[in-house]
Q: 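Have a look at the structure that comes next, please.
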Amino acid sequence: MEDLTDVAVMVHPGLTTDPYNMRGQIGKISHVVYDTNDVYVKFPNQMLGLYDTSALLMLVPPELIVDKLYQEAEEIMLSRLELVDILNIYLHHASNQHEITLDLAMENSNIKQAAVFTVRDWIDFQLDRLDQQQKTGRSR
């Protein structure tokens, strides 16, 4: 499974209870506790918060965005300009401007639907992929 350390995440803006009062704020993952689905997030003010993986949003990894857009194209109904915006977001992402890209993706509801998902979704995707690799793998 890919390491999530230093991945930029946003505390879900709609989170109903946030003891750290960081809703909508962006930080970086410092540690993931896979047994409990908890994530430690370090914010720019050096505060460390503990959140459930479903309470944190992240940009869909670049290696998956084209497949996701292709699979969900009819459901999301992106305009040409929104597709260009997504391309620009990932160009910024490639230049290590991860915090900016997450903010940009959250500004438009269609782009958010296409390019943002929870940390839990990412972990579940990786576990599913690992299970499929083990089922199809061969041993000698």
Q: Which residue pairs pass the salt bridge (Lys or Arg N to Asp or Glu O under 4.0 Å) test when at least one of the two sits in residues 9-29, sequence neighbours left out?
A: Lys28-Glu99
Q: How would you list, by chain and number, every residue that makes a side chain to side chain contact (heavy atoms under 4.5 Å, CB included) with Thr36, sequence neighbours excluded?
A: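 For Thr36 the side chain to side chain contact (heavy atoms under 4.5 Å, CB included) partners, ignoring immediate neighbours, are Val33, Asp38.
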Q: Rounded to the nearest 0.5 Å, what separates atom CD1 in Ile100 from atom CD1 in Ile89?
A: 11.5 Å
Q: Please round to the nearest 0.5 Å and tell me the distance separating atom CG of Asn96 and atom OG1 of Thr101.
A: 10.0 Å
Q: List, by chain and then residue number, the residues other than Leu87 in its hydrophobic cluster (Ile/Leu/Val/Met/Phe/Trp/Tyr, side-chain heavy atoms under 4.5 Å); write none if there are no others.
A: Leu91
Q: Suppose we screen for side chain to side chain donor-acceptor pair (under 3.5 Å). Which residues come up paired with Gln97, at least two apart in sequence or across chains?
A: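 Listed in chain order: His92.
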Q: Going by side chain to side chain donor-acceptor pair (under 3.5 Å), name the residues that satisfy it together with Ser30, two or more places apart in sequence or in a different chain.
A: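 None.
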Q: Given side-chain contact (heavy atoms from CB on, under 4.5 Å), test Val9 with Val41 step by step and report yes or no.
A: CA-CA 8 Å; Val9 293; Val41 178; 4.0 Å; yes
Q: For a quick test of reading the model, state the closest non-hydrogen atom pair linking Ala8 to Ile26 and the distance between them.
A: CB-CG2, 4.4 Å
Q: Distance check, rounded to the nearest 0.5 Å: Thr53 atom OG1 versus Ile123 atom CD1?
A: 5.0 Å
Q: With sequence neighbours excluded, give me every salt bridge (Lys or Arg N to Asp or Glu O under 4.0 Å) pair touching residues 103-127.
A: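 Qualifying pairs: Asp52-Arg120.
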Q: I want to check something: taking the side chain as every heavy atom from C-beta on, are Leu59 and Tyr90 in contact at a cut-off of under 4.5 Å?
A: yes
Q: Please tell me whether Ile29 and Leu127 are part of a single hydrophobic cluster in this structure, the criterion being side-chain heavy atoms less than 4.5 Å apart.
A: yes
Q: Between atom NE2 of His31 and atom CG of Leu50, what is the distance when rounded to the nearest 0.5 Å?
A: 9.5 Å
Q: Would you indicate whether the side-chain heavy atoms of Val11 and Leu56 approach each other to under 4.5 Å?
A: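 Side chain of Leu56 against side chain of Val11, heavy atoms only: contact under 4.5 Å found.
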Q: Is any side-chain heavy atom of Ser79 less than 4.5 Å from a side-chain heavy atom of Asn110?
A: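 They are not in side-chain contact.
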Q: Hey, any chance Tyr34 and Met58 share a hydrophobic cluster, counting ILVMFWY side chains that come within less than 4.5 Å of each other, even indirectly?
A: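 The answer is yes; both residues are in one hydrophobic cluster.
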Q: Out of curiosity, does Leu69 fall in the hydrophobic cluster containing Leu64 (side-chain heavy atoms, cut-off under 4.5 Å, transitive links)?
A: yes
Q: Show every salt bridge (Lys or Arg N to Asp or Glu O under 4.0 Å) that has at least one partner inside residues 64-80, sequence neighbours left out.
A: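 Non-adjacent pairs meeting salt bridge (Lys or Arg N to Asp or Glu O under 4.0 Å): Lys68-Glu72.
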Q: Counting neighbours of CE on Met47 that are heavy atoms of other residues, nucleotides or ligands and sit closer than 6.0 Å, is the number greater than 12?
A: yes
Q: Checking Ser109 now: which residues fulfil side chain to side chain donor-acceptor pair (under 3.5 Å) with it, not counting sequence neighbours?
A: none
Q: Test: ring-ring contact (aromatic ring centres under 6.0 Å, His included). Region: residues 94-117. Which pairs qualify, not counting sequence neighbours?
A: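 Sorted pair list: His93-His98.
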Q: Quick one: side chain to side chain donor-acceptor pair (under 3.5 Å) partners of Asn108, sequence neighbours excluded?
A: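 Expected list: Glu82.
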Q: Suppose we screen for salt bridge (charged side-chain N to carboxylate O under 4.0 Å, His left out). Which residues come up paired with Lys42, at least two apart in sequence or across chains?
A: none
Q: To the nearest 0.5 Å, what is the distance between CD1 on Ile86 and CG on Leu104?
A: 11.5 Å
Q: I need the full list of ring-ring contact (aromatic ring centres under 6.0 Å, His included) pairs touching residues 3-27, with sequence neighbours left out, sorted by first then second residue.
A: Tyr20-Tyr51
Q: Examine Phe125 and Leu4 and state if one hydrophobic cluster contains both, with Ile, Leu, Val, Met, Phe, Trp and Tyr joined whenever side-chain heavy atoms are less than 4.5 Å apart.
A: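 In one cluster with Phe125: Leu4, yes.
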Q: Are Val84 and Ile65 connected, step by step, through hydrophobic side chains (Ile, Leu, Val, Met, Phe, Trp, Tyr) whose heavy atoms are closer than 4.5 Å?
A: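 No, Val84 and Ile65 fall in different hydrophobic clusters.
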